[in-house]
Structure formats: structure tokens, C-alpha cells
Protein chains: 2
Amino acid sequence: MAVREAGAGRGVSHVHAAHDHPADPAAGARWSDHAERVLREAGLRTGGGRSAVIGVFAAEDCVLAAQDIVDRLRASGGPGANLATVYRTLDTLRDHDLVHRLDPGDGTARYERAQPGGEHHHHVLFADGTIEPFHDDALEQAIEALAGRLGVDLVGHDIVLHAAPRSA
Amino acid sequence: MAVREAGAGRGVSHVHAAHDHPADPAAGARWSDHAERVLREAGLRTGGGRSAVIGVFAAEDCVLAAQDIVDRLRASGGPGANLATVYRTLDTLRDHDLVHRLDPGDGTARYERAQPGGEHHHHVLFADGTIEPFHDDALEQAIEALAGRLGVDLVGHDIVLHAAPRSA
DNA sequence: TTGTCTGCAAATTCTTTGCAACGTT
DNA sequence: AACGTTGCAAAGAATTTGCAGACAA
């Protein structure tokens, strides 16, 4: 997974790669607990397929296509989930703001888990297909200010930067 | 699918709706001339279908889905274009940076003509499906600065703001 | 004439849905 | 028992592609 630290960001406090740790187990477990609680409180039941999908998101902190999720489950040997179930689960998770959907423009949607606190980040899409997340407070502030100037009531925003492959 | 251009454009300092005029005929003609020249110089031939598609973009300065283009052509009574031709034309135009593709995340790509000078704008997607373009210099500067901080070589960027329906 | 462009239909790819069986509460 | 959940297969929707004929240069 080509999620690495943005080198030039070092020392610039408010810029940082959003996932500095390839897969922070603690964050994953926290998210998965949160997700299961939210769904339970919504009156939904615990099923094998959905749990498996949640498990994938808990373990893999990166953008995943629906088919990727099926593949990881199959590869892990454990209980799998049908592609239809995966899509249904993604819908459910999205309804409860537990995952975000990302449209890189290649015709295949990607999903990634949402942070409980409303924290969010954006993505740099490199020419070679690599996707790297980032967060930048200055950018967020610019968006806020812009919304005010436009006079619209913002409920969210998606930003995708397109970049040439890293020379480094 | 009801994606229409919102007409409202207000002038807030350096923020402005990118298409204050529902369809600026001069800009449309300019673009269409430019497009045809670029394609001719690329060694491509002039065909009825492609010309018709270019004509639609020249006349309609807003985001269009492939099917929309076919519909407009059919409605206008003049020469039409097959959906396959439209897709092929869109590919060609995109290859030559004559149109941009926009993925609102609803599974259907939208296209809009690109300005010859590299001018570009972004979009506000309202909850009711309305899409409104805007341009904001401060935001562009924020993106530039951000790219530097991230240490990436930016070749483009897409920004979609999601907003509640306008109360006004 | 030569190579491109078009329309039509078939094929692909991603995503959604119907339905009967299964599992949770 | 009641009702949400799942798998399988079929259905849908958007986009792409194969081909033969039409057309521009």
C-alpha cells in the first residue's frame, strides 16, 4: 500500500499524511467497536457477512473497492461474504456515516472507513494509480471561508488532487 | 436524473459562479473553433457525429451526461449521434483536453467543455441534484501552497462541495 | 483509394434487486 | 416466532468494443 509520509510535510505542523501508520490496530479496533455499536443501536442484527466486512475495514486502513473486500476475505481463509452482501453492507455503513465513498473517476467506487469524530481527509491520486491520503488544516479553512463567500450551507466536500508519480 | 445548472450567480469579490451567463454564445463559438482546429491538427477527420457533439457543447455551457447529449441532439431535430459515437467523441475530446469529466458519485459521469486557457472551475453539488460551478482564487492558491507542502507535482485537482439546498 | 468515423448490436464491468433459506434476538 | 441477513442468480445501468458500411481527405 503506497501510503507513505509526505516528506516535505515534516516540520510543517498542520500537514501530514492521514495514515502515518500503515494500519493502526488500535484505530481499527476503535472504529469497528463504534461501527458495531451504531448498527446495533439502529436495531440491525449481527450477521456473518457484515461482520466480516467490518473486520476488513478494521484491519485495512486504506481505500478498498467492493471486489477488493471480497478478495481479502477469501484470501484470509476465514468466513467470506458474497459480493452482493458487501455492497449491501457498504450501503448500510454509508447510511450511518461509518464509511465514505470515493469516486476516483475510473468507474469503480472505493470505500474507506470514516473517523468517528468527523475527522476526514482527502486524497492525492498519482498517475500510476496510487492513492495517498492527506489532511491539511489550511485547506479546510479555505473551504470554510469559501462556503461563506458562496453563501451555501456546506454539508461536505470531496477533494482529489492529481499528481505526477513521485520522483523520489 | 435531474442534474441541471443552477442559474444563480452572484458576485462576491473574487468568487463568482463560473457561468454567469446561461450560455455565452461567443465563448461557445470560440471553444468549438478551437476544438475543431485541435482535432484537425491531430490528423483526425471531420465526421457528422463528432461535429454534432461539439455543437452541443458549444451551445450548452453546462455539465452533460453522455445520454443528455444524445437527447439534446434528438430534440434539436438536426443530425443526431449514436450513444457509442458520443462516448467515443468524449474520449477523443478528453484526450485533447477539450472537455473535462466530472464524477458526481452517482455512477454517471458528466462532461463539460474545458476552457482553452487552462481556466477551470469546480462545482457545488446541492442535495437536490443541482450542480453549480464556481471559481475561487483563494482556493486555487490554497491548493498550490498545499501541493508544495505535500511535495507533490500537481497536474490537476477536482473539488466538489456538497451543500444543502439553497434556502433563498 | 485509404484510413477514419458511424451506427448497430453484442459484450463488459460495476452495482442493484428478487427470492428463498438461514440466523439472530 | 418474527424479522433482519445472506447467497445465488438474474436484472440493470453505464460504458466499451467488434464489425461492416459510409465518408472525408
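A, B, ... follow the sequence lines: proteins, then strands. Residue 1 opens every chain.
For B:T85 and C:dG7, the shortest distance from a side-chain N or O to OP1 or OP2 is below 4.0 Å. A:T46 has no side-chain polar atom (N or O) that falls below the 4.0 Å cut-off from OP1 or OP2 of C:dG23.
Atom CG in B:D103 sits about 13 Å away from atom C1' in C:dC14, given to the nearest Å. Separating the CG atom of B:D106 from the C1' atom of D:dG12 is a distance of 15 Å, rounded to the nearest angstrom. If you measure from atom CG of A:D91 to atom C1' of C:dC14, you get 13 Å, rounded to the nearest angstrom. Atom-to-atom, CZ of A:R101 to C1' of C:dT16 comes out at 12 Å; the value is rounded to the nearest Å. Going from atom CD of B:E36 over to atom C1' of D:dA24 covers 14 Å, rounded to whole Å. Straight-line distance from the CG atom of A:L102 to the P atom of C:dC14: 16 Å, rounded to whole Å. Atom P of nucleotide D:dG7 and atom CD1 of A:I69 are separated by 13 Å, given to the nearest angstrom. Distance CG (B:L93) to C1' (D:dT15): 16 Å, rounded to an integer number of Å.
Comparing B:Y87 and B:G48 along DNA chain D, the residue whose closest nucleotide (by nearest heavy atom) sits nearer the 5' end is B:Y87. When the nearest nucleotides of DNA chain C are assigned to B:A84 and B:R45 by heavy-atom distance, the more 5′-ward of the two goes with B:R45. Nearer the 5' end of DNA chain C, as judged by each residue's closest nucleotide, is the contact made by A:Y111, out of A:L44 and A:Y111. Each of A:G43 and B:R40 was matched to the nucleotide of DNA chain D holding its nearest heavy atom; the match closer to the 5' end belongs to A:G43.
When each of C:dT15, C:dT6, C:dC8 is scored by its nearest atom to the side-chain atoms of B:N82, the top-ranked nucleotide is C:dC8.
Counting only N and O atoms by type, the side chains of B:H135 and B:E119 include no donor and acceptor under 3.5 Å apart.
With hydrogens and angles left out, the side chain of A:R88 and the base of D:dG7 share a donor-acceptor pair within 3.5 Å.
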Hey, can you pull the donor-acceptor pairs under 3.5 Å for the side chains in residues 151-161 of chain B, sequence neighbours left out?
from   : atom 1 : to     : atom 2 : distance (Å)
B:H157 : NE2    : B:H120 : NE2    : 3.2
B:H157 : NE2    : B:H122 : NE2    : 3.3
B:H157 : NE2    : B:E140 : OE1    : 3.0
B:D158 : OD2    : A:H162 : NE2    : 2.9

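Each of A:Q115, A:H100, A:E132, A:E112 was scored for a side chain to side chain donor-acceptor pair (under 3.5 Å) with A:H121, with one residue passing: A:E112.
Taking A:D68 as the reference, nothing meets the side-chain hydrogen bond (donor to acceptor under 3.5 Å, both in side chains) condition, with sequence neighbours excluded.
Once rounded to the nearest 0.5 Å, the distance linking OG1 of B:T89 with CD1 of B:I54 reads 7.5 Å.
In summary, A:R94 and A:D91 engage in a salt bridge, as defined by a charged side-chain N under 4.0 Å from a carboxylate O.
Residue B:A65 is out of contact with every strand shown, counting any heavy-atom pair closer than 4.0 Å.
Rounded to 10°, the angle separating the first-five-pair axis and the last-five-pair axis of the helix from C:dT1-D:dA25 to C:dT25-D:dA1 equals 30°.
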- prompt: Does the side chain to side chain contact (heavy atoms under 4.5 Å, CB included) test come out yes or no for A:T108 and A:Q67, once each step is laid out?
  reply: CA-CA 10 Å; A:T108 308; A:Q67 184 62 57; over 6 Å; no
